[in-house]
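Accompanying notes for the structure given below.
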Amino acid sequence: MENGGKLNIYNSLSRTREVFEPLNPPHVGLYVCGPTVYGEAHLGHARPAVTFDLLFRYLSHLGYKVRYVRNITDVGHLESDADEGEDKILKKARLEQIEPMEVVQHYSNLYHKNMEQLNVLPPSIEPQASGHIIEQQQLVEKILENGYAYERNGSVYFDVMKYHSKYNYGKLSGRVLEDLIANTRELEGQQEKRNSVDFALWKRAEPAHLMRWPSKWGEGFPGWHLECSAMSTKYLGEVFDIHGGGIDLLFPHHECEIAQSVAASGKDAVRYWMHNNMVTINGQKMGKSLHNFITLNELFEGRHDLLERPYHPMIIRFFMLQANYRSTIDFSNEALQAAEKGFDRLMNAVETIKKIEPAETSSWDAGEFIQNCYTAMNDDLNTPVVISHLFEATRFINSAAEGKDTITADDLARLKEHFRMFIFDILGLQQKEGRHGELDEKLINTILQIRQEAKERKDFETADKIRDELQKLGVEVRDVKGGFEWDIK
RNA sequence: GGUCGCGUGGCCGAGUGGCUAGGCAGGGGUCUGCAAAACCUCGUACGGCGGUUCGAAUCCGCCCGCGACCUCCA
């Protein structure tokens with residue numbers, strides 16, 4: 001019972017917290033909507049990546065065998081709901097005069113690099129939409145056979161009204177179909193559809209369109225909701241446990257995925273829907289179309305007008321984990337710098353814990369600490385509360401290291417193990433790697449040794465000068481009993 | 001306009017009927033040659049107005065403000 005009961009997760013479908021029970025324990029199928037690789041990854045991409053990395057890590061920690069599928073969208077998303085827009089990838093490729101797949105490769109590589117910097121584990125399978133055209137065509141055929149789609153001029157559309165007559169279109173997003181129809185704007189290219197709410201499963205390619213594949217309906221490309229349905233079915237089965245993604249995908253993307261799956265197999269594919277909330281900047285959603293986004297590279301390097309300085313990827317990860325994944329999180333220099341100090345404090349405690357000498361008795365309850373962390377994690381991944389318990393442990397660790405608190409050898413071993421486990425294995429944090437080499441270290445130690453000797457001569461003028469000069473270079477010196485410690489900030 | 005959500009101390013951010021998370025910043029103190037770090041300590045907040053209740057930041061109603069989705073979006 002050390003893990004504090006069962007994992008509860010908030011299911012967007014029921015709008016309540018539910019106990020998580022996998023379909024086929026100990027296996028868990030997890031599918032998350034990945035990036036569209038036609039631009040650099042920005043802060044917004046980091047949120048779902050970190051959120052579901054946390055889930056992946058925690059489920060694995062609990063002993064589940066997780067197959068985590070996160071797709072790469074490299075084809076098929078259209079520019080407008082009129083279905084007349086160019087394929088996004090294609091548009092960018094023309095702009096830069098290179099091959100579409102070259103754009104895909106370039107930004108996929110960048111994405112992977114950023115994810116590694118954030119210590120986001122690679123998924124078990126990372127399928128690309130362009131590699132699953134046949135599966136998507138088969139899905140279209142199945143929906144056609146079942147009578148929930150129709151063909152028009154080489155395109156195939158999903159018949160939402162027909163679907164809704166038997167099932168419930170809108171159950172995930174709470175949309176009312178009649179309202180949707182009444183509120184739909186009149187747009188070009190709607191003539192082919194029976195109804196404005198219908199969406200493309202397969203889209204005819206115009207002559208200039210480069211990304212195209214042959215099909216029984218003519219040359220074209222898959223509709224923009226189809227890949228997730230096709231690929232999740234292929235790798236996780238017709239019914240699987242968890243589907244995650246940004247809350248902005250809830251409608252229409254995930255609503256349409258539900259409709260596609262039900263129309264194809266008669267079954268609801270997803271048992272638990274999970275949605276992370278948005279990242280905002282100055283209170284407004286960060287987005288490509290709003291032109292207010294900060295890319296991860298800009299953030300890590302400090303290259304952006306809104307940034308006072310660079311922020312280490314671990315600060316970004318820690319900052320995100322200080323808010324619940326279902327809340328919006330607002331970025332500011334002040335907030336990031338506060339997170340950085342807190343993060344450093346936590347990391348220092350990881351070192352300090354090694355210095356604690358065991359005692360006969362414990363003045364602190366290590367078991368309660370561990371229990372509290374698990375309870376918070378099980379409460380819909382409540383990482384802010386987990387972190388608050390880690391800080392409480394930090395205070396104890398610092399105090400015990402100074403001999404003001406005591407802990408038995410047994411408790412100390414448990415504390416050490418779990419403190420590190422929650423920080424590194426579950427929250428996925430890691431020490432900021434020192435930006436200094438062996439030579440730097442030796443030089444600094446040599447200089448500080450000289451300072452130490454000056455101090456012993458009571459030559460405080462020299463000692464202070466050395467400390468001030470090192471401070472200017474970013475080396476923080478701390479005097480401890482009979483010696484010194486330092487860190488590069 | 002429709003649907004959904006939010007408004008917590010200087011800032012960030014948990015909590016969701018009684019037991020006043022946590023971090024950052026700030027005040028005071030201990031330690032220190034002085035600092036830094038660490039530790040101790042202080043600050044009693046929940047948009048407004050009503051209502052339910054013995055008791056509400058937490059439930060209900062209305063109002064105000066903000067945001068998301070309804071169009072590509074993480």
Side-chain angles (χ1 to χ4, degrees), chain A residues 15 32-36 38-39 41-52 73 77-82 85 88 170 173-176 178-180 182-185 187 197 224 244-253 255 275-280 283-290 293 318-319 322-324 326-332 334-346 348-349 352 372 376 379 382-392 394-395 397-399 401-402 404-405 455 458-460 463-464 467-468 471 476-481 484-487:
Chain A
R15 291 163 200 254
V32 173
C33 290
T36 303
Y38 71 102
H42 56 77
L43 256 176
H45 291 100
R47 190 98 198 255
V50 168
T51 297
F52 294 105
T73 296
H77 277 201
L78 298 171
E79 284 287 324
S80 73
D81 69 342
K88 276 185 186 174
S173 59
R175 292 296 192 290
V176 177
E178 291 69 28
D179 293 347
L180 284 172
N183 287 328
T184 307
R185 293 183 296 170
L187 290 165
V197 291
W224 59 291
I247 200 169
D248 53 340
L249 296 178
L250 193 139
F251 187 87
H253 186 55
E255 195 72 63
H275 293 94
N276 62 273
N277 215 316
M278 301 287 99
V279 169
T280 61
Q284 195 182 35
K285 188 179 93 165
M286 180 177 295
K288 289 179 186 109
S289 52
L290 296 168
F293 64 90
F318 181 71
F319 180 61
Q322 273 191 305
N324 183 269
R326 292 197 294 118
S327 305
T328 55
I329 185 167
D330 195 47
F331 269 68
S332 65
E334 196 182 7
L336 287 172
Q337 285 165 29
E340 182 168 64
K341 292 195 177 177
F343 177 80
D344 288 344
R345 186 154 172 247
L346 207 53
N348 286 338
T352 306
N372 285 342
D379 182 17
N382 198 337
T383 50
V385 169
V386 173
I387 289 170
S388 79
H389 293 310
L390 291 172
F391 276 116
E392 279 161 9
T394 294
R395 190 181 308 150
I397 289 164
N398 287 327
S399 181
E402 289 186 4
K404 292 175 183 167
D405 268 299
K455 272 178 63 184
K458 306 263 188 235
D459 178 5
F460 297 120
D464 289 354
R467 185 174 66 197
D468 293 347
Q471 180 77 36
E476 184 185 277
V477 179
R478 292 189 297 272
D479 289 346
V480 295
K481 249 177 261 171
F484 51 83
E485 288 178 349
W486 58 271
D487 268 317

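Lettering of chains follows the sequences in order, A, B, ..., and the numbering in each one begins at 1. Note that this is a predicted model, so its numbers are computed, not measured.
- Considering only residues two or more places apart in sequence or on other chains, D379(A) meets the side-chain hydrogen bond (donor to acceptor under 3.5 Å, both in side chains) condition with R17(A).
- Taking 4.0 angstrom as the limit, N398(A) places a side-chain polar atom (N or O) nearer than this to OP1 or OP2 of rC39(B).
- Across all strands shown, R15(A) has heavy atoms under 4.0 Å from sugar-phosphate atoms exclusively, and none from any base.
- rG9(B) and rC59(B) have their C1' atoms separated by 24 Å, with the value rounded to a whole Å.
- The residues D464(A) and R467(A) are annotated as salt-bridged, a charged nitrogen and a carboxylate oxygen being separated by less than 4.0 angstrom.
- OP1 or OP2 of rA74(B) has at least one side-chain nitrogen or oxygen of T36(A) nearer than 4.0 Å.
- Between the H45(A) side chain and the H42(A) main chain, a donor and an acceptor come within less than 3.5 Å of each other.
- Among the protein residues, L390(A) comes within range of no part of the nucleic acid, since none of its heavy atoms lies under 4.0 Å from any strand.
- Between F319(A) atom CZ and rC11(B) atom P the separation is 15 Å, expressed in whole Å.
- Residue G246(A) is in sugar-phosphate contact alone, with no base atom involved, counting any heavy-atom pair closer than 4.0 Å across all strands shown.
- Spacing between rA21(B) and rG47(B) at atom C1', rounded to whole Å, works out to 22 Å.
- Look at OH on Y38(A): it is 7 Å from P on rC73(B), rounded to the nearest Å.
- Using a 4.0 Å cut-off, some side-chain N or O of S327(A) falls inside it from OP1 or OP2 of rA14(B).
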Shorter than 3.5 Å, N or O on both sides, protein versus nucleotides 16-23 of chain B: list them out with atom names.
from, atom 1, to, atom 2, distance (Å)
rG23(B), OP1, R395(A), NH2, 3.4

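- Stretches of at least 3 consecutive Watson-Crick or G-U wobble pairs, with each checked distance under 3.5 Å, appear in RNA chain B as B:1-7 with B:64-70, B:10-12 with B:22-24, B:26-30 with B:38-42, B:47-51 with B:59-63.
- Between the side chain of T352(A) and the backbone N or O of N348(A), at least one donor-acceptor pair lies under 3.5 Å.
- By the 30° and 60° cut-offs, the orientation of the rings of H253(A) relative to W224(A) is parallel.
- Among the atoms of the strands shown, none is found under 4.0 Å from any heavy atom of V176(A).
- Applying the side-chain hydrogen bond (donor to acceptor under 3.5 Å, both in side chains) criterion to Q471(A), with sequence neighbours excluded, gives no partner residue.
- In this structure, R47(A) and P252(A) both approach RNA chain B, and ranking their closest nucleotides by distance from the 5' end singles out P252(A).
- Between I247(A) atom CD1 and rA74(B) atom C1' the separation is 11 Å, expressed in whole Å.
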Within the sub-3.5 Å range, which N or O atoms of nucleotides 26-29 of chain B have a protein N or O partner, and how far apart are they?
none

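- Residues G44(A) and D405(A) both approach RNA chain B. Their nearest nucleotides, taken by heavy-atom distance, put D405(A) toward the 5′ side.
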Please list, pair by pair, any protein nitrogen or oxygen found under 3.5 Å from a nitrogen or oxygen in nucleotides 34-36 of chain B.
from, atom 1, to, atom 2, distance (Å)
rC34(B), O2, R467(A), NH2, 2.7
rC34(B), N3, R467(A), NH1, 2.8
rC34(B), N3, R467(A), NH2, 3.2
rC34(B), N4, R467(A), NH1, 3.4
rC34(B), N4, D479(A), OD2, 3.1
rA35(B), N1, D479(A), N, 3.3
rA35(B), N3, R467(A), NH1, 2.8
rA36(B), N1, D479(A), O, 3.3

